[in-house]
Amino acid sequence: TSFWSAASKVPAISLAARAGDILRNFEGADERLSMRIGESAEALAARASDLGRIFDAADQHLISRIAEGSEALSSRASEIARIFDDAD
């Protein structure tokens, strides 16, 4: 073998080995990214459930307060009507 043919094989082998290393790195990165996406999706789903419960509780509280206000006005309806009648 000549010097040039032997020299040309070394970089080809090194390049192939490096390409294999790069491919393995990409595969590892892809796997880690997939895991992180899955973890993030689970965390968001848990937060969405928490937010749903918070809004449901707020809705119930608001409904309760509206009902209390309505009852208070209804119980004083005759008094309110008398005050308007007296104002005329």
Side-chain angles (χ1 to χ4, degrees):
T1 41
S2 74
F3 170 77
W4 293 111
S5 64
S8 65
K9 291 180 185 175
V10 173
I13 293 169
S14 296
L15 184 59
R18 184 67 183 133
D21 289 343
I22 291 170
L23 179 61
R24 282 188 293 280
N25 286 336
F26 274 111
E27 289 171 346
D30 186 50
E31 183 178 327
R32 288 189 301 275
L33 183 60
S34 295
M35 288 174 41
R36 294 294 297 189
I37 289 171
E39 291 169 358
S40 296
E42 289 175 13
L44 286 174
R47 289 292 181 190
S49 178
D50 291 344
L51 287 174
R53 284 193 295 276
I54 290 168
F55 280 110
D56 287 346
D59 285 348
Q60 291 304 315
H61 183 71
L62 184 59
I63 289 168
S64 174
R65 294 299 303 257
I66 290 170
E68 290 171 6
S70 177
E71 289 173 13
L73 285 174
S74 294
S75 68
R76 300 192 63 192
S78 60
E79 181 182 344
I80 292 169
R82 184 181 52 76
I83 290 170
F84 279 110
D85 287 342
D86 291 346
D88 286 339

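Take Glu39 and apply the salt bridge (charged side-chain N to carboxylate O under 4.0 Å, His left out) test, not counting sequence neighbours, and it matches Arg36. Asp21 is linked by a side chain to side chain contact (heavy atoms under 4.5 Å, CB included) to Arg18, Arg24, counting only residues two or more places apart in sequence or in another chain.
Note that CD1 of Ile63 and OG of Ser70 are 13.0 Å apart. Values are rounded to the nearest 0.5 Å.
Environment of CD in Glu31: sparse, with no more than 12 heavy atoms of neighbouring residues, nucleotides or ligands closer than 6.0 Å.
Asp56 and Arg53 are not joined by a salt bridge, as no carboxylate oxygen comes within less than 4.0 angstrom of a charged side-chain nitrogen.
Side-chain N or O atoms of Ser34 include one that pairs as donor or acceptor with a backbone N or O of Asp30 at under 3.5 Å.
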